[in-house]
Q: 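I'd like to ask some things about the structure below.
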Amino acid sequence: MQKIRVRFAPSPTGSLHIGGVRTALYNYLLAKKLGGTFIVRIEDTDQARFVPGAEEYIFNSLRWLGLEEDESPLKGGPFAPYRQSERMAVYSEHVDLLLKKGLAYYAFDSTEDLESARAAHPDGSWQYNAATRHEMRNSLSMSGTELETLLADGTPYVVRLKVPKNEEIRFHDVVRSWVMVHSSTLEDKVLLKSDGMPTYHLANVVDDHLMEISHVIRGEEWLPSAPTHVLLYRAFGWEETMPQFAHLPLLLKPVGDGKLSKRDGEALGFPVFPLSWMDESRNVEIPGFREKGYLPEALLNFLAFLGWNPGTEQELFGMDELVQAFSLDRIGKSGTRFDIQKANWFNHQYLQQKSDDWFKDGIENVLGLPVPAETLSKWVALVKERCTFPYEIYEMISNLTHFNGEVDQNLLKEKWHADASAGLGVFLSCIDSVASWTAAEIKLAFTAAVEGAGFKSGKLLLPLRIAITGKGAGPDLMLFMELVGRDECAIRLRNALERFPNLI
RNA sequence: GGUCCGUUCGUCUAGGGGUUAGGACACGUCCCUUUCACGGAUGAAACACGGGUUCGAUUCCCGUACGGACUACCA
């Protein structure tokens with residue numbers, strides 16, 4: 001049986017888009033599922049768009065998510081190098097092969113020539129192909145001596161693929177089944193740029209073949225160029241071992257038309273990058289999923305379900321389960337809107353599964369002191385279930401513990417009613433006699449004291465909350481009172497009674 | 001404009017010639033909680049349209065509409 005080898009092939013032209021992360025995930029899942037090899041290849045053939053640090057960012061992102069590759073520029077491997085800029089010799093050698101076979105040709109057209117050819121057909125119908133190439137300056141339209149002179153003079157040129165004139169190109173896509181395109185609609189794509197670098201099409205096909213890639217799993221934006229790639233495999237004589245294609249549906253904007261872009265994240269307030277990314281052009285740091293408090297396992301689970309599903313009603317899948325359940329034939333065909341609310345739900349689910357200990361450092365940090373296990377679990381119990389992100393937990397505890405006595409005047413006006421001061425005063429006067437300072441005992445003592453003085457305890461609960469926390473809503477008050485301690489509660493109560501309107 | 005791809009609740013989707021078209025997110029209501037969340041229950045909510053094929057089409061075929069991608073010496 002054929003070895004499974006898949007690759008994730010990003011270009012280091014900026015941060016990793018979340019759609020790219022999903023592509024990486026699907027590749028990874030297929031490899032792990034089938035006992036194959038997951039390769040990361042860096043496609044850095046565009047010198048103009050190269051961004052320093054982007055490659056490092058890509059690997060940091062994969063590390064954070066736990067998508068560890070088997071072969072890459074970092075890890076090496078039997079098919080090194082894995083950075084296309086280091087494989088120039090390979091490409092020129094292969095271009096020569098095509099040139100010799102007469103399946104590719106030299107073209108000397110200037111950018112201006114191309115532009116004017118296109119401009120002559122304002123409907124955008126002009127293509128460099130079998131119908132037009134004889135009108136252009138290339139090795140097919142000129143004499144052999146002219147060609148030799150041009151080449152000898154060092155005239156800049158590109159190499160183009162000679163697309164056959166009249167052929168039906170039919171190929172199989174795992175998610176879309178058979179796709180058919182007529183060669184007359186295809187352009188003679190540039191294979192080798194005038195700077196000597198290969199284009200994506202050439203480098204991609206050559207590398208996939210040489211690296212023995214079995215499945216090409218990539219975004220749907222590549223579907224239109226897949227026929228060109230098929231032609232290339234054919235031209236090289238590699239059609240027999242051509243990889244299987246799987247073009248993934250695109251990630252769409254949450255609202256409106258078009259595919260998801262960086263701008264959407266900023267406009268709508270959610271991340272579209274895995275990790276924070278420094279946008280040099282605007283000199284701003286854009287927070288990623290990690291910085292926004294998303295857990296990697298939640299992001300992974302969320303992303304896995306954007307365009308794929310296991311066909312059961314289970315939604316929570318750890319990485320191992322994802323690997324088990326994954327299969328290419330359950331990938332959907334249609335574009336998927338990106339809905340951050342669902343991501344939040346996943347995050348909430350995974351956050352609830354975290355052990356008390358997982359929050360230890362964060363909570364001790366907020367509290368500024370070591371917290372014994374038993375107390376820790378009470379703090380966690382107090383706030384965890386109402387939070388979606390870890391930072392919310394720490395923030396909530398911080399707000400609770402660092403209450404400075406300031407209360408919203410409207411809240412006070414509405415809720416601090418006539419009995420509040422008197423009733424709470426009664427409780428304060430006997431606060432020291434609460435037998436043991438635990439949530440249950442506090443509640444008992446409070447009720448007894450207040451009812452004993454003729455007040456309805458239920459009506460005093462909200463004023464008590466306001467006095468203790470300054471808020472009209474929040475986590476369990478009695479448990480919080482236990483945690484914050486008797487003395488602090490007494491202080492806060494006294495404070496409130498002094499400062500808030502005494503309506504009696 | 002051309003080429004290719006797609007279309008089930010607002011969103012992610014299951015399903016597939018005969019189903020009360022299922023689940024999840026979000027939303028509404030109720031319960032729990034003398035708060036707010038969480039949780040539980042429940043409700044509203046979909047087969048784009050028009051033609052075929054068929055006893056029967058949401059499911060198959062063809063058109064139309066709509067959406068998307070591509071249309072660079074970018075990937």
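A, B, ... follow the sequence lines: proteins, then strands. Residue 1 opens every chain. Computed over heavy atoms, backbone and side chain alike; hydrogens, waters and symmetry mates excluded.
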Q: When all nucleic acid strands are considered with a 4.0 Å heavy-atom cut-off, which category describes A:Arg49: base, sugar-phosphate, or nothing?
A: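 The residue A:Arg49 makes base contact.
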Q: If you look at every strand shown and take non-hydrogen atoms under 4.0 Å, does A:Thr312 touch a base, only sugar-phosphate, or nothing?
A: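 Counting heavy atoms under 4.0 Å across all strands, no contact is made by A:Thr312.
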Q: Mind checking A:Lys342 for me? I need base, sugar-phosphate or nothing, with any heavy atom below 4.0 Å counting as a touch.
A: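 The answer is base, as A:Lys342 lies within the cut-off (heavy atoms under 4.0 Å) of a base atom.
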Q: Taking atom types as modelled, find out whether A:Ser421 and A:Trp416 have a side-chain donor-acceptor pair closer than 3.5 angstrom.
A: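 Yes, side-chain donor-acceptor contact under 3.5 Å.
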Q: So what does A:Gly332 hit on the nucleic acid, given a heavy-atom distance under 4.0 Å: a base, only sugar-phosphate, or nothing?
A: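 It contacts nothing in the nucleic acid.
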Q: B:rG67, OP1 or OP2 - any side-chain N/O from A:Lys333 closer than 4.0 Å?
A: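 False: A:Lys333 side-chain N/O out of range (4.0 Å or more) of B:rG67 OP1/OP2.
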Q: Atom CD of A:Gln127 to atom P of B:rC70: distance rounded to whole Å?
A: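 That distance rounds to 16 Å.
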Q: Could you identify the nucleotide paired to B:rG63, looking across every strand shown and requiring Watson-Crick or G-U wobble geometry with both distances under 3.5 Å?
A: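 Pair assignment: B:rG63 / B:rC49.
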Q: Check the phosphate of B:rC74 against A:Lys193, side-chain N and O only, distance under 4.0 Å to OP1 or OP2. Yes or no?
A: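 For A:Lys193, the contact criterion (side-chain N or O under 4.0 Å from OP1 or OP2 of B:rC74) is met.
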Q: For the rings on A:Phe389 and A:Tyr294, is their centre-to-centre separation under 6.0 Å?
A: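 Yes, they do, as the ring centres are separated by less than 6.0 Å.
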Q: Applying a 4.0 Å non-hydrogen cut-off, can you work out what A:Val190 is touching in the nucleic acid: base, sugar-phosphate, or nothing?
A: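 Result for A:Val190 = sugar-phosphate.
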Q: Mind checking if A:His348 touches a base, just sugar-phosphate, or nothing, with heavy atoms under 4.0 Å?
A: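 Answer is sugar-phosphate: A:His348 comes under 4.0 Å of backbone atoms only.
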Q: Across all strands, who's sitting opposite B:rG43 as a Watson-Crick or G-U wobble pair, both distances under 3.5 Å?
A: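 Its partner is B:rC27.
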Q: Once you apply a heavy-atom cut-off of 4.0 Å, does A:Met180 come out as touching a base, just sugar-phosphate, or nothing?
A: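 Contact class for A:Met180: sugar-phosphate only.
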Q: According to a strict under-4.0 Å criterion, is A:Asn309 in side-chain N/O contact with OP1 or OP2 of B:rU13?
A: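 No.
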Q: So what does A:Lys471 hit on the nucleic acid, given a heavy-atom distance under 4.0 Å: a base, only sugar-phosphate, or nothing?
A: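 Touches nothing.
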Q: Tell me what A:Arg176 touches on the nucleic acid: a base, only sugar-phosphate, or nothing, going by heavy atoms under 4.0 Å.
A: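 It contacts sugar-phosphate atoms only.
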Q: Tell me whether the OP1 or OP2 atom of B:rU71 has a side-chain N or O from A:Arg118 closer than 4.0 Å.
A: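 So the side chain of A:Arg118 is outside the cut-off, no N or O lying under 4.0 Å from OP1 or OP2 of B:rU71.
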Q: Whole angstrom is fine here: how far is it from CG in A:Leu477 over to P in B:rA37?
A: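 Going from A:Leu477 (CG) to B:rA37 (P), I get 17 Å.
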Q: Do NZ/NE/NH1/NH2 and the carboxylate oxygens of A:Asp419 and A:Lys456 come within less than 4.0 Å?
A: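 No, A:Asp419 and A:Lys456 are not salt-bridged.
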Q: Write down the distance between CD (A:Gln341) and P (B:rU11), rounded to a whole number of angstrom.
A: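 Rounded to the whole Å, the gap is 13 Å.
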Q: Taking the six-membered ring for Trp and the full ring for Phe, Tyr or His, determine whether the centres of A:Phe338 and A:Phe270 are under 6.0 Å apart.
A: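 Aromatic pair counts; centres sit under 6.0 Å.
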Q: How would you label the contact of A:Asp109 with the nucleic acid (heavy atoms, under 4.0 Å): base, sugar-phosphate, or nothing?
A: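 Base contact - A:Asp109 has a heavy atom under 4.0 Å of at least one base atom.
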Q: Quick check: A:Phe317 with A:Phe305 (ring centres under 6.0 Å apart)?
A: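 Aromatic pair counts; centres sit under 6.0 Å.
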Q: Answer with base, sugar-phosphate or nothing: what part of the nucleic acid does A:Thr13 contact at a heavy-atom distance below 4.0 Å?
A: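 If one applies the 4.0 Å heavy-atom cut-off, A:Thr13 turns out to touch nothing in the nucleic acid.
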Q: Base, sugar-phosphate or nothing for A:Leu461? Non-hydrogen atoms, less than 4.0 Å.
A: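 Counting heavy atoms under 4.0 Å across all strands, the contact made by A:Leu461 includes a base.
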Q: Does a side-chain N or O from A:Lys415 land closer than 4.0 Å to OP1 or OP2 of B:rU34, or not?
A: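 The answer is no; no side-chain N or O of A:Lys415 sits under 4.0 Å from OP1 or OP2.
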Q: In whole Å, what is the span from the CD atom of A:Glu221 to the P atom of B:rC74?
A: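 About 17 Å, once rounded to whole Å.
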Q: Using whole Å, report how far CZ of A:Phe8 lies from C1' of B:rA75.
A: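 Atom-to-atom, A:Phe8 to B:rA75, this comes out as 12 Å.
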Q: Can you tell me the distance, in whole Å, between the CH2 atom of A:Trp222 and the P atom of B:rG6?
A: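 The answer, rounded to whole Å, is 20 Å.
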Q: Scan A:Phe305 against the nucleic acid and name what it touches under 4.0 Å (heavy atoms): base, sugar-phosphate only, or nothing.
A: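 Sugar-phosphate: the residue A:Phe305, judged by heavy atoms under 4.0 Å, touches backbone atoms but no base.
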Q: Searching all strands shown, indicate the nucleotide that pairs with B:rC70 (Watson-Crick or G-U wobble; both distances under 3.5 Å).
A: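 Because both required distances fall under 3.5 Å, B:rC70 counts as paired with B:rG2.
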Q: Any base atoms under 4.0 Å from A:Asp173, or only sugar-phosphate, or nothing? Heavy atoms, all strands.
A: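 The answer is nothing, as A:Asp173 stays clear of every strand by at least 4.0 Å.
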